[in-house]
J.: 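My questions will all concern the structure given below.
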Amino acid sequence: MKIIKKNMIHQNESCGTEQISYLTCMFYILEEWTGVENLGEYLSYLIYLTWLFMPLLLVFLLPTIIILLIYISAIIVHIYKRKTDIKEGYLNDFWDGARQTLATMWYAHGRIWNGYEVHGLEKLPDGPAIIIFYHGVTPVDFFYLVATVLIRKKRMLHVVADHFVFLVPGLKLLIDVIHVLHGSQEECRKVLENGGLVAISPGGVREALFSDENYTIMWKNRKGFAQVAIDTKVPIIPMFTRNIRENFRVVGRGIKLLRSIYEHFRFPIFPMYGNFPVKLQTYFGDPIPYDPNTTAEELTQKAKDALQCLIDKHQKIPGNVWRALMERFTTEKQDNE
């Protein structure tokens with residue numbers, strides 16, 4: 001039958017006739033051109049494999065959404081810089097309009113994608129303070145928090161970032177606009193002395209990469225933030241986001257070579273997957289007030305204990321992606337909200 005149909009094609013049989021469908025005709029033409037028998041079966045198998053591995057492909061492609069939003073943010077500030085009248089901009093703060101635009105975009109994304117909520121925002125003082133937070137695989141919760149604080153409190157958060165962030169191409173202007181800090185004590189003191197809010201994750205990238213579903217705090221012996229708080233006489237406020245490690249996951253945490261590369265060059269090359277639409281909720285703890293009789297070591301331990309209390313209170317251990325997804329749809333009130 002197959003030979004007969006091929007002969008019919010050779011005899012200029014139209015692909016649109018009832019005897020041969022257009023798709024069947026194309027398959028036979030491709031078989032003759034490539035010399036591959038049963039090409040239709042191979043293509044069917046390829047389609048089957050595509051559907052089989054589609055979920056796996058998606059979990060590695062979804063993180064690009066956050067990267068895309070970051071670069072869209074960078075494009076927005078560049079457009080704003082070129083289009084906004086400078087004299088008009090300096091009547092207030094030149095970048096206010098750009099920051100409001102970015103805040104609206106990230107706030108909307110957080111609410112839609114992760115059902116993002118903030119609890120205890122009233123604990124942020126009107127004056128200066130240091131916010132200490134647990135670092136997930138990505139700081140996407142902090143992007144949402146910056147947007148929320150700007151919209152609801154009309155204040156900007158200055159965040160301390162790892163040095164590699166300043167090496168990412170195309171983000172320099174965006175980094176300046178949203179007040180990302182290198183993290184020197186002098187730089188942080190200046191912001192606090194001017195009445196600003198400084199956010200620091202003492203665990204940083206190491207905590208992001210090498211902590212786990214048990215939400216282990218990994219600060220090592222970092223205590224510079226505590227010394228800055230003592231020098232500027234400001235309170236420290238702990239902050240934690242429920243399910244932040246279920247939002248993204250990192251691959252290769254146990255590979256010694258990758259960890260060795262990070263420890264030597266301080267550049268994270270671990271692949272990640274996820275950006276799951278899990279429920280994210282940020283909680284602020286009670287401020288730790290300035291105490292002239294407390295040393296930097298003691299204050300560091302107090303801050304770590306306060307952060308651990310937030311984790312114990314609001315996070316089910318170990319973290320679970322499916323459970324975090326289901327929290328988007330449950331109507332019962334979360335514990336201790």
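Start at 1 with the first residue, then count along the sequence. Just the heavy atoms: all of them, side chains too, but no hydrogens, waters or symmetry mates, feed the values below. Just so it is clear, the structure is predicted and the values come from calculations on it, not from any experiment.
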J.: In terms of hydrophobic clusters joined by side-chain contacts under 4.5 Å, are Leu173 and Leu167 together?
T.: no
J.: Measure the CD1-CG distance between Ile288 and Leu307 for me, rounded to the nearest 0.5 Å.
T.: 9.5 Å
J.: Between Arg249 and Gly274 (side chain of the first, backbone of the second, donor and acceptor by atom type, cut-off under 3.5 Å), is there such a pair?
T.: no
J.: Among Asp141, Asn247, Asn114, find the residue that satisfies the side chain to side chain donor-acceptor pair (under 3.5 Å) test when tested with Thr241.
T.: Asp141
J.: Does a donor on one side chain and an acceptor on the other come within less than 3.5 Å for Tyr116 and His109?
T.: no
J.: Establish whether Leu68 and Val165 are linked, either directly or via other cluster members, by ILVMFWY side-chain heavy-atom contacts under 4.5 Å.
T.: yes
J.: Can you check whether Pro277's main-chain N or O pairs, donor with acceptor, with Arg328's side chain at less than 3.5 Å?
T.: yes
J.: Could you tell me if Asp96 and Gln100 have a donor-acceptor pair between their side chains, going purely by distance under 3.5 Å?
T.: no
J.: Would you say Trp113 and Asn275 are linked by a side-chain donor-acceptor pair, where the criterion is simply a distance under 3.5 Å?
T.: yes
J.: Can a donor-acceptor pair be found, under 3.5 Å and without considering hydrogens, that links the side chain of Glu207 to the backbone of Met218?
T.: yes
J.: Specify the closest pair of heavy atoms between Ala296 and Ala226, including all atoms of both residues, with the distance to one decimal.
T.: O-CB, 3.5 Å
J.: NE2 of His78 to NZ of Lys172: how many Å apart, nearest 0.5 Å?
T.: 9.5 Å
J.: Could you go through Met105 and Thr101, starting from their C-alpha distance and side-chain angles, then the distance that decides it, and tell me whether this counts as side-chain contact (heavy atoms from CB on, under 4.5 Å)?
T.: CA-CA 6 Å; Met105 181 182 73; Thr101 301; 5.9 Å; no
J.: Has the side chain of Arg155 got a donor or acceptor atom that lies under 3.5 Å from a matching backbone atom of Gly127?
T.: yes
J.: Write down the atom of Ile237, the atom of Gly285, and the distance for their closest heavy-atom approach.
T.: CG2-O, 3.6 Å
J.: Does Phe276 share a hydrophobic cluster with Phe329, counting links as ILVMFWY side-chain heavy atoms below 4.5 Å and allowing steps through other members?
T.: yes
J.: Look up atom CZ in Phe248 and atom OG1 in Thr138, then write down how far apart they are to the nearest 0.5 Å.
T.: 4.5 Å
J.: Does Tyr107 reach the main-chain N or O of Leu150 with its side chain, forming a donor-acceptor pair under 3.5 Å?
T.: no
J.: Ignoring hydrogens and geometry beyond distance, is a side-chain donor-acceptor pair present between Ser73 and Trp106 at under 3.5 Å?
T.: yes
J.: Would you say the side chains of Tyr290 and Thr232 form a donor-acceptor pair under 3.5 Å?
T.: no
J.: Please work out whether the ring planes of Tyr283 and His119 are parallel, tilted or perpendicular, with thresholds of 30° and 60°.
T.: parallel
J.: Evaluate side-chain contact (heavy atoms from CB on, under 4.5 Å) for Val159 paired with Val146, printing each intermediate quantity in order.
T.: CA-CA 9 Å; Val159 63; Val146 170; 5.9 Å; no
J.: Could you walk me through whether Glu117 and Lys279 pass the side-chain contact (heavy atoms from CB on, under 4.5 Å) check?
T.: CA-CA 9 Å; Glu117 298 174 2; Lys279 181 70 174 180; 2.8 Å; yes
J.: Among Phe142, Phe240, Trp219, which one satisfies ring pair (Phe, Tyr, Trp, His ring centres under 6.0 Å) with Phe133?
T.: Phe142
J.: Could you tell me whether a side-chain N or O of Arg242 sits under 3.5 Å from a main-chain N or O of His314, the two making a donor and an acceptor?
T.: yes
J.: CD1/Ile65 to CD1/Ile70 distance, rounded to the nearest 0.5 angstrom?
T.: 12.5 Å
J.: Hey, what do you get for CD1 (Ile244) to CD1 (Ile311), rounding to the nearest 0.5 Å?
T.: 12.0 Å
J.: Start with the C-alpha distance between Asp291 and Glu298, add both sets of side-chain angles, then the distance that settles side-chain contact (heavy atoms from CB on, under 4.5 Å), and finish with yes or no.
T.: CA-CA 11 Å; Asp291 182 352; Glu298 293 170 338; over 6 Å; no
J.: Below 4.0 angstrom, N of the basic side chain to O of the carboxylate: do Glu213 and Arg245 qualify?
T.: no
J.: Would you find a donor on one side and an acceptor on the other, under 3.5 Å apart, between the side chain of Glu187 and the backbone of His182?
T.: yes
J.: Could you state whether Trp322 and Val278 fall into the same hydrophobic cluster, counting links through intermediate Ile, Leu, Val, Met, Phe, Trp or Tyr residues with side-chain heavy atoms under 4.5 angstrom apart?
T.: yes
J.: Do Tyr134 and Ser211 pass the side-chain hydrogen bond (donor to acceptor under 3.5 Å, both in side chains) test, and can you show the C-alpha distance, the side-chain angles, and the key distance before you say yes or no?
T.: CA-CA 10 Å; Tyr134 174 86; Ser211 186; 2.7 Å; yes
J.: Do the non-hydrogen side-chain atoms of Leu310 and Phe284 ever get within less than 4.5 Å of each other?
T.: no
J.: Under 3.5 Å, side chain of Arg323 to main-chain N/O of Lys316, donor-acceptor pair present?
T.: yes
J.: Give a yes or no answer on whether the side chain of Arg222 reaches the backbone of Thr300 with a donor-acceptor pair at less than 3.5 Å.
T.: no
J.: When you compare the side chain of Lys123 with that of Met239, does any pair of heavy atoms fall below 4.5 Å?
T.: no
J.: Is there a path of hydrophobic side-chain contacts, each under 4.5 Å between heavy atoms of I/L/V/M/F/W/Y residues, joining Val118 to Ile151?
T.: no
J.: Check whether any side-chain N or O of Asp212 sits under 3.5 Å from a backbone N or O of Asn214 as a donor-acceptor pair, and report yes or no.
T.: yes
